[in-house]
Amino acid sequence: MKKHAFKTVILTFGIAIFMSNSVFGQTGNKQDRKKPPTFKELIKEMDANEDGKLSKSEIKGPLKEHFSEIDTDEDGFITEEEFEKAPKPERKERN
């Protein structure tokens, strides 16, 4: 009987600790939030021909969807300067 009570206490505390650390899946640490990639990170990941700029055929995701807005000189490439001046995506509203 004592063994069963001990296991129940351990299990209860284990669940309590787990729940306190994962309430709503948030850590509370703002540094854990995902930040937008830098231009250098995008170049490293997507610049297939290693020319230091991104063409529409090299990119994917939201960057590709807004390519014409970001490519302000309309030369078919996104440079670091154009990327830095690009409009930032709007944040999704929370209900």
Side-chain angles (χ1 to χ4, degrees):
M1 186 71 171
K2 288 182 182 181
K3 215 176 198 183
H4 179 68
F6 181 72
K7 286 181 180 179
T8 303
V9 169
I10 296 297
L11 181 62
T12 303
F13 280 116
I15 290 172
I17 290 170
F18 174 77
M19 293 299 286
S20 68
N21 287 335
S22 63
V23 173
F24 302 112
Q26 298 177 356
T27 64
N29 187 352
K30 291 183 180 182
Q31 292 177 345
D32 290 342
R33 293 183 182 170
K34 189 174 180 180
K35 294 181 181 179
T38 64
F39 187 76
K40 288 181 182 184
E41 291 170 337
L42 290 174
I43 288 291
K44 185 177 180 181
E45 183 180 329
M46 296 185 205
D47 187 17
N49 62 2
E50 299 179 355
D51 63 354
K53 49 191 177 180
L54 299 170
S55 68
K56 193 168 187 175
S57 64
E58 292 176 318
I59 61 174
K60 57 188 173 200
L63 194 59
K64 189 169 195 158
E65 294 169 16
H66 300 284
F67 187 87
S68 61
E69 297 169 33
I70 301 168
D71 180 24
T72 55
D73 64 3
E74 299 177 355
D75 67 348
F77 298 96
I78 295 176
T79 61
E80 184 171 10
E81 183 179 334
E82 289 173 322
F83 180 79
E84 297 300 327
K85 291 181 180 180
K88 304 301 177 217
E90 294 181 20
R91 299 185 93 188
K92 295 178 183 176
E93 289 185 30
R94 292 184 177 184
N95 293 334

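What you are looking at is a predicted structure, and each value in this text was computed from that prediction instead of being measured.
Using a 4.5 Å cut-off between side-chain heavy atoms of Ile, Leu, Val, Met, Phe, Trp and Tyr, L42 falls into a hydrophobic cluster with F39, I43, M46, L54, I59, L63, F67, I70, I78, F83.
Under the salt bridge (Lys or Arg N to Asp or Glu O under 4.0 Å) criterion, the residue pairs touching residues 60-81 are E45-K60, E81-K85, with sequence neighbours excluded.
By the side-chain contact (heavy atoms from CB on, under 4.5 Å) test, T72 pairs with E82, sequence neighbours left out. Residues passing the side-chain hydrogen bond (donor to acceptor under 3.5 Å, both in side chains) test with S57 are S55, sequence neighbours excluded.
Closest approach of K53 and E58 over heavy atoms only: O-OE1, 3.3 Å.
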